[in-house]
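Throughout, a chain's letter reflects where its sequence line sits, starting with A, and its residues are numbered from 1.
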Amino acid sequence: MKNKIQSVRGTREFYPQQMLTRRWLYKHMEEVSTSFGYEEYDGPFIEKIDLYAAKTGEELVKEQSFVFTDRGGELVTLRPELTLSLARMVAARQNELVFPLRWWSFGPFWRYEKPQKGRTREFFQWNIDLIGSDSAEADAELVAICACFLKKMDITPEQIAIKVNHRKLMEEQLVKINIQKEYLKAVFHVIDRYDKLPTDSWKALCQERGLATEQVDQLWRLINNHELWKESPYLTSVFEILKVMGVSAYVKYDARIIRGLDYYTGMVFEAWDVGGDGRAVLGGGHYDNLVADVGGSPLPGVGFAMGDVMFTVLLEKYGKIPKINQFENALLVTVFNQDTTLASADMAARLRDEDLKVVTFPSVEKLQKQFKYADRMGIRFVLVLGPDEIKDRLVTIKDLKHHTQVSIPQKDAASTIKRLLAAQ
RNA sequence: GUGGCUGUAGCUCAAUGGCAGAGCAUCGCACUGUGGAUGCGAGGGUUGUGGGUUCGACCCCCAUCAGCCACCCCA
């Protein structure tokens, strides 16, 4: 390990076992996405910085992106998110695409943040969006997809819950307590801080930000009002739809959900780890203007994004990551000695022709060592082709799982193994 | 970007400023045609890195890198 060059801070290394987990996660996202009729797409991994400058909030670009100048002197960045690339792609082919369109993606993103548990500088993110509809049905669908995914991962509503709110509802309510339009952003920010501070400190913070004592109390009542959604016919309708879809158990109204990204204009939602000290694992919402903002005609959309890092942390916490053995149906063809290597290679090739997963041992070693290798790798069958077998055109097959062994004619090897596999 | 804690064998961790260790793992042998078990043995370290203090530094000081935690922010 001397003179080892370290990996770049915050980047990920996927050893085979973790790669299996990533693929397993991907498979479930794909299944849920496609079951609702979503199509897979992807955007560039590098974008011009201008794409994000306007709409995602300044911090995301200024502080949290991997920005550099390319050889042509252009300021570019490793993509910190996908929604704006999506909006541009849609705007570019707005007249040929069929709406409403439903697209999903899973790929790498980069943010220049301080790494800690559940947060790295390089991460994978599931993005899923429905564009071209303004209805409560569309918004409800995305929440339902989120719930279906959690259910599929065997996560219960007691473990992760989806909290829903609506920005316009909040704006209306804030206007009612005489908060001026210009202050909305600042107030949204203090609402966001509510969970992190004791009530007294939070109230002090509100006053610091210019709220009158009376307004602070009104705001406190507002964000602790779990019935507030009843003031919104829109949210009422969303919850009704979710009930019919059978996913209500995962969904809660929460007036404290606002979300940081500036482009959300309607319903917003986040999935939270209920058991933990509260961290969002997924977030999304409705946006009215995104496509227009990148040069298209106005088109509304709704979508969410989920990072793999925090979600994997939670899956581990709840013991939901299966131990996958990719060699459970594989076989190892051993080599007995130098004279039998060709016979083993020949046997291995013929078994692969029969669509079996066949590993060979690449050098002549003691059988003990080769058996141990199979055991450590989780390979189920070990084949021995020694002088005795070759003389009688036999092959010995040991089933490491059931600790049984047979010697059979070589021509029956594939069918015998297939029979054992079918019998489990 | 700010503050705090931690870096010793592949892993988990010991070691008053005075000889760098244990368990697990690895490798070898017992076992010359058979994995998991047992026994015996072996290898493995510039104590994250670079300076400083000291007769002497894993230990104290400074810097730096990395991990974790709390902010900030967010997925």
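Closest approach to the A/Val384 side chain among B/G33, B/C71, B/C73 is made by B/G33 (side chain taken as heavy atoms from C-beta onward). For A/Arg193, counting side-chain heavy atoms from C-beta on, the closest listed nucleotide (B/G33, B/C71, B/U34) is B/C71. When the nucleotides B/A70, B/G35, B/U34 are ranked by their closest atom to the side chain of A/Leu367, B/U34 comes out on top. In the set B/C31, B/G36, B/C74, the nucleotide with an atom closest to the side chain of A/Arg111 is B/C74. Listed candidates were B/U34, B/G67, B/A25. Nearest to the side chain of A/Arg376 is B/A25. Taking the side chain of A/Asp388 as heavy atoms from C-beta on, and the options B/U34, B/G33, B/C72, the nearest nucleotide is B/G33.
Pairing for B/G41 is with B/C27, a Watson-Crick or G-U wobble pair whose two hydrogen-bonding atom distances lie under 3.5 Å. B/C5 is paired with B/G67 under the criterion used here, namely a Watson-Crick or G-U wobble arrangement in which both key atom distances are under 3.5 Å. Within the shown strands, nothing qualifies as a pairing partner of B/A75 under the Watson-Crick or G-U definition with both distances less than 3.5 Å. Partner assigned to B/A14 is none, using Watson-Crick or G-U wobble distances below 3.5 angstrom. Remark: B/U54 base-pairs with no nucleotide; criterion is Watson-Crick or G-U wobble with both hydrogen-bond distances under 3.5 Å. Pairing of B/C59, defined by two Watson-Crick or G-U wobble distances under 3.5 Å, is not identified with any nucleotide.
Annotation: cation-pi pair A/Arg102/A/Phe36 absent, no NZ/CZ under 6.0 Å from the ring centroid and within 45° of its normal. Remark: A/Arg256 is not positioned above the aromatic ring of A/Tyr194, lacking an NZ or CZ atom under 6.0 angstrom from the ring centre and at most 45 degrees off the axis.
Put simply, the side chain of A/Val143 does not reach to within 4.5 Å of the side chain of A/Tyr250, judged on heavy atoms. Side-chain contact between A/Ile155 and A/Leu315: present, with at least one pair of heavy atoms (C-beta onward) separated by less than 4.5 Å.
Separating the P atom of B/G28 from that of B/G35 is a span of 13 Å, rounded to the nearest Å. Straight-line distance between the P atoms of B/G48 and B/G41: roughly 31 Å, to the nearest whole Å. When the C1' atom is used for both B/G7 and B/G39, the distance is 37 Å, rounded to whole Å. Look at the C1' atom in both B/A57 and B/U53: the space between them is 10 Å, to the nearest Å. To the nearest whole angstrom, the two P atoms, one in B/C73 and one in B/A14, are 37 Å apart. The C1' atoms of B/A30 and B/G67 are separated by 43 Å, rounded to the nearest whole Å. Here the separation of B/G10 from B/U16, taken at their P atoms, is 23 Å to the nearest Å. The same atom, P, is picked in B/U26 and in B/C62; the two are 42 Å apart, to the nearest Å.
Contact annotation: side chain of A/Gln370 to base of B/U34, donor-acceptor pair absent below 3.5 Å. For B/U32, the base has no donor-acceptor partner in the side chain of A/Lys366 [N/O atoms by modelled type, under 3.5 angstrom]. Applying the 3.5 Å distance criterion, the base of B/G35 shares no donor-acceptor pair with the side chain of A/Gln405. A donor-acceptor contact under 3.5 Å is formed by the side chain of A/Gln368 with the base of B/C31.
For the pair A/Glu81 CD and B/C73 C1', the interatomic distance rounds to 15 Å; values are reported in whole Å. The distance between atom CG of A/Leu394 and atom C1' of B/G33, rounded to the nearest whole Å, is 14 Å. One can place CD of A/Glu113 at 10 Å from C1' of B/C72, the figure rounded to the nearest angstrom. When rounded to the nearest whole Å, the span between CG of A/Asp273 and C1' of B/C74 equals 16 Å. Protein atom CG of A/Leu383 is 18 Å distant from nucleotide atom P of B/G33, rounded to whole Å. When rounded to the nearest whole Å, the span between CH2 of A/Trp110 and P of B/A75 equals 18 Å. Between the CZ atom of A/Arg119 and the P atom of B/G1 there is a distance of 14 Å, given to the nearest Å. Atom CG in A/Leu385 sits about 12 Å away from atom C1' in B/G33, given to the nearest Å.
Residue A/Leu400 is classed as a base contact, given a heavy-atom separation below 4.0 Å to a base. Backbone-only engagement by A/Gly10 is indicated by non-hydrogen atom pairs under 4.0 Å involving sugar-phosphate atoms exclusively. Among the protein residues, A/Lys372 comes within range of the sugar-phosphate backbone only, with heavy atoms under 4.0 Å from sugar or phosphate atoms but none that close to a base. Nucleic acid contact for A/Val382: none, since no nucleic acid atom lies under 4.0 Å from a heavy atom of the residue. In this structure, A/Lys114 reaches the bases: a heavy-atom distance under 4.0 Å links it to at least one base atom across the strands shown. Looking at heavy-atom distances under 4.0 Å, A/Thr120 makes contact with a base. Residue-level contact check: A/Asp308 touches neither bases nor backbone, having no heavy atom under 4.0 Å from any strand. A/Phe109 comes within contact range of no nucleotide atom at all, as no heavy-atom separation falls under 4.0 Å.
Taking the nucleotide of RNA chain B with the nearest heavy atom to each of A/Val281 and A/Pro115, the more 5' of the two is matched to A/Pro115. Along RNA chain B, the nucleotide nearest to A/Val309 and the one nearest to A/Asp375 differ in position, and the one closer to the 5' end is contacted by A/Asp375.
In summary, of the residues considered (A/Tyr26, A/Phe123, A/Tyr41), a ring-ring contact (aromatic ring centres under 6.0 Å, His included) with A/Phe106 occurs for A/Tyr26 alone. Partner A/Leu82 forms a side-chain contact (heavy atoms from CB on, under 4.5 Å) with one of A/Trp103, A/Trp126, A/Phe109 and no other, that one being A/Phe109.
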Between A/Tyr112 and A/Thr77, does a side chain to side chain contact (heavy atoms under 4.5 Å, CB included) hold up when you go through it step by step? CA-CA 11 Å; A/Tyr112 200 86; A/Thr77 178; over 6 Å; no
A/Gln405 and A/Thr396: side chain to side chain donor-acceptor pair (under 3.5 Å), yes or no, with the steps? CA-CA 7 Å; A/Gln405 180 169 315; A/Thr396 296; 4.9 Å; no
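In A/Lys357, the NZ atom is crowded: over 12 heavy atoms of neighbouring residues, nucleotides or ligands sit closer than 6.0 Å.
Residue A/His189 has a polar side-chain atom (N or O) positioned under 4.0 Å from OP1 or OP2 of B/C73.
Taking the 5.5 Å centre cut-off and the 30° plane limit, the aromatic side chain of A/Phe123 is classed as stacked on B/A75.
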